[in-house]
Every structure is written in structure tokens, then in C-alpha cells.
Amino acid sequence: MPRLAVYALLVCALTVAAAVVSFARGSWLGVVWVLLAGISSNMAWFSLRKAKAEREAAGATS
């Protein structure tokens with residue numbers, strides 16, 4: 001698993017937790033945390049798909 005994907009998943013988990021805490025306290029700042037969670041999950045997904053495509057391309061040429 002690519003290191004960037006691991007970091008992005010970690011950030012995603014932390015932002016989801018921050019959003020839950022923020023909404024539980026009645027703050028609308030949780031909306032920002034939800035948006036950051038979406039961005040970081042997309043970064044993780046993109047990184048994983050890119051690594052998979054690179055592995056398949058390397059396997060096809062050998």
C-alpha cells in the first residue's frame with residue numbers, strides 16, 4: 001500500500017472523528033471537517049488506483 005494512501009486514510013479517519021465531535025458539541029464547523037474527509041478519502045482512492053495501475057502495467061511488460 002502506498003505511503004500517501006496510508007497517510008490520506010489516517011487524515012480521513014481523524015477528520016471524521018473531528019466532525020463527529022464538532023457536531024456533537026453543536027458546532028457547524030463540522031461541515032468543514034466533513035469536506036476535508038471527502039478530499040482526503042479521494043486522495044487515498046486515487047493513490048491506491050494509481051499504484052494498482054502501475055503494478056498491472058509493470059506486470060504486463062514482463
Side-chain angles (χ1 to χ4, degrees):
M1 182 177 254
R3 189 177 302 163
L4 180 61
V6 173
Y7 290 150
L9 285 174
L10 180 64
V11 169
C12 183
L14 291 174
T15 56
V16 167
V20 168
V21 169
S22 183
F23 282 130
R25 291 185 178 184
S27 174
W28 284 98
L29 188 63
V31 173
V32 174
W33 291 116
V34 169
L35 293 174
L36 285 173
I39 291 170
S40 62
S41 70
N42 284 343
M43 286 177 58
W45 179 84
F46 177 77
S47 180
L48 288 172
R49 295 287 296 169
K50 181 179 175 188
K52 181 180 176 185
E54 288 174 353
R55 277 194 315 265
E56 289 176 355
T61 58
S62 334

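Quick note: residue numbers are just sequence positions, from 1.
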**Q** Using distance only, find each side-chain donor-acceptor pair of residues 38-49 under 3.5 Å and give its atom names and separation, not counting sequence neighbours.
**A**
unit_1 : atom_1 : unit_2 : atom_2 : d
Ser40  : OG     : Cys12  : N      : 3.4
Ser40  : OG     : Leu36  : O      : 3.2
Ser40  : OG     : Ala37  : O      : 3.1
Ser41  : OG     : Ala37  : O      : 3.3
Ser41  : OG     : Gly38  : O      : 3.0
Asn42  : ND2    : Gly38  : O      : 3.4

**Q** Test of understanding: with side chain to side chain contact (heavy atoms under 4.5 Å, CB included), list the residues that count as partners of Ala17, not counting sequence neighbours.
**A** none
**Q** With the 4.5 Å side-chain cut-off for hydrophobic clustering, are Val11 and Leu14 part of the same group?
**A** no
**Q** Same cluster for Trp28 and Val34 if Ile/Leu/Val/Met/Phe/Trp/Tyr side chains link at under 4.5 Å?
**A** yes
**Q** Hey, can you pull the donor-acceptor pairs under 3.5 Å for the side chains in residues 18-26, sequence neighbours left out?
**A**
unit_1 : atom_1 : unit_2 : atom_2 : d
Ser22  : OG     : Gly30  : N      : 3.0

